[in-house]
Undergrad: 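Can you keep this structure in mind? I'll have questions shortly.
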Amino acid sequence: MDRGMRSGAWRGVQLVGGLFAFALSMALLMASGQGAMPWDVLHQGVARTSGVPVGVVVALTSVVVMLLWIPLRQRPGVGTLANLVIVAVAIDPMLALVHAVAPAPGIVAGITLALAGIVLNGVATAAYVGVHLGPGPRDGLMTGLCARTGWRVGPVKTAIEVVVVLAGWALGGTLGWATLAYALGVGAVVQVALPWCDGSRRRTTGSGHLARPADVR
């Protein structure tokens, strides 16, 4: 197997592994009782209101969000489709696993689950973003809006997540301190993890340290 084939195989493993880890991080936060990720507040609220499994809600939400890509002229990649399928399929088994391990977490266990979910989510995001095979459906909505409007990423991301959090909370999703901690802290975890996951940008400075990726803020 030549270097190109090995590199392609490793990117596939990193993509799939990152997406399964992302699903596990979602489950850790949702099961913690301390607040879910912004989009998961919506997923959880819709699931509780409709009785539809969370995985189905995640998949349907991804499809609806990707329909919004059309006027934004966004194009999905292999990673986009893998994100849609793997996370939707994996989230319910991951939730069942976490509930089996921690069926009724108290405050200490809940905080532990929430913090573990935030850190794991940052690492998982760096893993699947680092293969450069296409953004996730929700990330693509954000980048598409930025490209079409010229607005900065921060305000666009904040506006989207405020809307989905309020809608999810109104439907019964879990909103708590971990939702805010995720919003404030996950970017820093991604920033630290991405140089180790991004083979196309991994390089050293004169001092031997990894350079900061230019596209991560």
Side-chain angles (χ1 to χ4, degrees), residues 11-12 14-27 29-30 36-95 121-122 124-171 173 179 182-183 186-187 190 194 197-198 215-216:
R11 290 173 76 197
Q14 181 174 319
L15 172 65
V16 173
L19 291 173
F20 273 105
F22 192 92
L24 177 57
S25 73
M26 292 169 62
L29 276 159
M30 282 192 278
M37 291 185 285
W39 277 97
D40 287 338
V41 176
L42 177 62
H43 299 149
Q44 199 174 45
V46 173
R48 287 177 175 175
T49 302
S50 65
V52 175
V54 173
V56 176
V57 174
V58 170
L60 292 176
T61 304
S62 296
V63 171
V64 171
V65 169
M66 288 183 67
L67 291 175
L68 298 176
W69 284 27
I70 296 173
L72 299 175
R73 300 178 183 174
Q74 290 285 92
R75 294 183 179 180
V78 172
T80 308
L81 301 178
N83 183 303
L84 190 159
V85 173
I86 292 175
V87 173
V89 169
I91 182 60
D92 285 313
M94 293 295 186
L95 273 169
N121 186 269
T125 298
Y128 84 74
V129 168
V131 299
H132 298 283
L133 291 174
R138 294 152 190 79
D139 294 331
L141 174 63
M142 177 189 68
T143 57
L145 284 170
C146 291
R148 296 292 290 172
T149 63
W151 297 340
R152 295 176 62 86
V153 169
V156 171
K157 181 176 176 61
T158 300
I160 292 172
E161 295 195 345
V162 166
V163 170
V164 300
V165 161
L166 291 177
W169 181 59
L171 292 170
T179 308
Y182 173 88
V186 74
V190 175
L194 190 57
C197 299
D198 189 348
D215 60 347
V216 180

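Keep in mind the model is a prediction, meaning the values are calculated, not measured. All heavy atoms count here, side chains included; hydrogens, waters and symmetry mates do not.
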Undergrad: Quick one, Met30 and Ile91 - any side-chain contact, counting heavy atoms below 4.5 Å?
TA: yes

Undergrad: Check whether any side-chain heavy atom of Leu145 sits under 4.5 Å from a side-chain heavy atom of Trp151, and report yes or no.
TA: no

Undergrad: Got Trp69 and Pro135 here, is their nearest side-chain heavy-atom distance under 4.5 Å?
TA: yes

Undergrad: Quick one: does Arg138's side chain get under 4.5 Å of Val164's, heavy atoms only?
TA: no

Undergrad: What's the separation between atom CE in Met66 and atom CG in Asn83, rounded to the nearest 0.5 Å?
TA: 9.0 Å

Undergrad: Any idea which heavy atoms bring Ala36 and Gln44 closest together, and the distance?
TA: CB-OE1, 4.3 Å

Undergrad: Within the 4.5 Å heavy-atom criterion, are Val162 and Leu166 side-chain neighbours or not?
TA: yes

Undergrad: Using the side-chain contact (heavy atoms from CB on, under 4.5 Å) rule, pick out the option among Val58, Val57, Val54 that qualifies with Val46.
TA: Val57

Undergrad: Look at the side chain of Thr80 and the backbone N and O of Gly136, then say whether any donor-acceptor pair between them is shorter than 3.5 Å.
TA: no

Undergrad: Does any non-hydrogen side-chain atom of Tyr128 lie less than 4.5 Å from one of Asp139?
TA: yes

Undergrad: How about Trp169: does its CH2 atom have over 12 heavy atoms from other parts shown lying under 6.0 Å from it?
TA: no

Undergrad: Are any of the side-chain heavy atoms of Met37 and His43 separated by less than 4.5 Å?
TA: no

Undergrad: Identify the two heavy atoms, one from Cys197 and one from Ala126, that lie closest to each other, and give their separation to 0.1 Å.
TA: CB-O, 3.4 Å

Undergrad: Rounded to the nearest 0.5 Å, what separation is found between the CG atom of Leu141 and the CG atom of Leu67?
TA: 11.5 Å

Undergrad: To the nearest 0.5 angstrom, please state how far the OH atom of Tyr182 sits from the CG atom of Leu29.
TA: 8.0 Å

Undergrad: Under a 4.5 Å cut-off applied to non-hydrogen side-chain atoms, are Val16 and Ile86 in contact?
TA: yes

Undergrad: Can you measure from CG (Leu171) to OG1 (Thr49) and round to the nearest 0.5 angstrom?
TA: 4.5 Å

Undergrad: I'd like to know if the side chain of Asn121 reaches the main chain of Ser25, judged simply by a donor and an acceptor atom lying under 3.5 Å from each other, with no hydrogens or angles considered.
TA: no

Undergrad: For Val165 versus Val41, what's the shortest heavy-atom pair and its separation?
TA: O-CG1, 3.7 Å

Undergrad: Of all the heavy-atom pairs spanning Val65 and Pro137, show the shortest one and how long it is.
TA: CG1-O, 3.3 Å

Undergrad: What's the spacing between Leu133 CG and Arg11 CZ if we round to 0.5 Å?
TA: 4.5 Å

Undergrad: Rounded at 0.5 Å granularity, tell me how far OG1 in Thr158 sits from CZ in Arg152.
TA: 11.5 Å

Undergrad: Taking all heavy atoms of Met26 and all of Asp40, pick out the closest pair and write down the distance.
TA: CE-OD1, 3.1 Å

